[in-house]
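Written below as structure tokens is the structure these notes are about.
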Protein chains: 2
Amino acid sequence: MSLGTALDRTDDAILRLLQKDARLSVKEIAAAVGLAPSSVHGRIRQLREAGVLRGAHAEVDPRALGIGLEALLMIGLSKHERDTVDRFLDDAVALPEVRAAFLVTGRYDVIVHVAVRDTQQLKDLALDHFTSRPAVTRIETSIIFEARRRHALPVYRAAG
Amino acid sequence: MSLGTALDRTDDAILRLLQKDARLSVKEIAAAVGLAPSSVHGRIRQLREAGVLRGAHAEVDPRALGIGLEALLMIGLSKHERDTVDRFLDDAVALPEVRAAFLVTGRYDVIVHVAVRDTQQLKDLALDHFTSRPAVTRIETSIIFEARRRHALPVYRAAG
DNA sequence: TGTGAAAGTAGCTACGG
DNA sequence: CCGTAGCTACTTTCACA
């Protein structure tokens, strides 16, 4: 409904498979969902045109890139006006070290996920680009020991 | 060094491009990095075999799946033994609503990123699967208003 | 919608330079 | 690393059911 298109269970299955492995061929997906390759191809094209399928991204081993440390920076802001917050998020994701930035409710206002070489660089990043900002009232740093991910989102169907 | 292979700047460029768009053809990548397609093909194969390139995942619009709400659950654990923590993380990512789980230092021990239909489901998820666990001492819930991501990791080169 | 066949491309491997 | 060649397989389209 949000984009004028309702997904059926076959679409859900296609999306689930592509989230797990975007390099699956149409033929493999067709075999998995029980349709002909041409049908699956048409569905995938429609999902792309509808904006449901937004693209695909390769996953790379962080260690191979020299990333020795990832952390979450939990940040409190003094001003909560739209301009201040938007600007803060924009600037955060513009930094190459930033993987993600979340505007959230609760004890903090923004949570920033960063990937750096070592603790030295983490310190420099925090001091140079976050602590020094006027809107920032405080930062707590949580170093990530371990991260586990699930690449497929859950599906909540509107109608059975 | 970690895997016996050093990446040069061309490898970095290839990885950066594939992180932004995993569906680029070898020909397109070759044109972008200034090498012949056969050379780029060989490099990609080596990067895959070395475990640097780990696969690709499609990105899907959460709204199209009925996901109306995402949140970060910030969780404190009473016991910090390996078994307790590993089990907790295992069980967390086994839930379909969980996108990621991070074991961290700082005020909390685990931060769990969840995607749910609405606040009702968020409450049920928190109470049924997290608050009720004996190892959990407390949970703070931060609803995500906005999320911004950068799909390409930074590169920290060992030698210039 | 879903299907099957036809046409166009890309991926993959190997070899010579 | 480049380019070619040759094979395979996939993608894409389309007319039809």
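Labels below follow one simple rule: chain letters A, B, ... track the order of the sequence lines, proteins then strands, and each chain is numbered from 1.
- Note that the two end axes of the helix from C:dT1-D:dA17 to C:dG17-D:dC1 enclose an angle of 30°, each drawn from 5 base pairs, rounded to 10 degrees.
- Taking all atoms of both residues into account, the shortest heavy-atom contact from B:R43 to B:D11 is NH1-OD1, 3.0 Å.
- The backbone N or O of A:Q19 lies less than 3.5 Å from a partner atom in the side chain of B:H57, making a donor-acceptor pair.
- Taken to the nearest 0.5 Å, the OG1 atom of B:T119 stands 9.5 Å off from the CG atom of B:D124.
- Residues B:T84 and B:A135 come closest through the heavy atom pair CG2-CB, 3.8 Å.
- Ranked by how close their nearest DNA chain D nucleotide is to the 5' end, A:R45 and A:K27 are led by A:K27.
- Annotation: B:R149, atom CZ; neighbour count of heavy atoms from other residues, nucleotides and ligands within 6.0 Å is above 12.
- Both A:P37 and A:R23 sit near DNA chain C, but only A:P37 has its closest nucleotide nearer the 5' end.
- Judged by atom type and distance alone, A:S38 does not reach the base of C:dG2 through any side-chain donor-acceptor pair under 3.5 Å.
- Among the atoms of the strands shown, only primed sugar atoms or phosphate atoms (P, OP1, OP2) are found under 4.0 Å from some heavy atom of B:R43.
- A salt bridge does not link A:D83 to A:R87: none of the charged nitrogens lies less than 4.0 Å from a carboxylate oxygen.
- Closest of all the heavy-atom pairs between B:F130 and B:L125 is CD1-O, 3.6 Å.
- At whole-Å resolution of the value, CG in B:L24 and C1' in C:dA10 are 13 Å apart.
- The separation between A:L35 atom CG and C:dG4 atom C1' is 14 Å, rounded to whole Å.
- Across all strands shown, A:S39 has heavy atoms under 4.0 Å from base atoms, whether or not it also approaches the sugar-phosphate.
- Electrostatic pairing of B:E140 and B:R107 does not count as a salt bridge here, judged by no charged N lying under 4.0 Å from a carboxylate O.
- Residue B:V98 comes nearest to B:V93 through the heavy atom pair CG1-CA, 4.1 Å, listed as atom of the first residue, atom of the second, then distance.
- DNA chain D is contacted by both A:E28 and A:G42; A:E28 maps to the nucleotide lying nearer its 5′ end (nearest heavy atom per residue).
- When DNA chain D is scanned 5' to 3' for any atom under 4.0 Å from a heavy atom of chain B, the first and last hits are D:dC1 to D:dG3.
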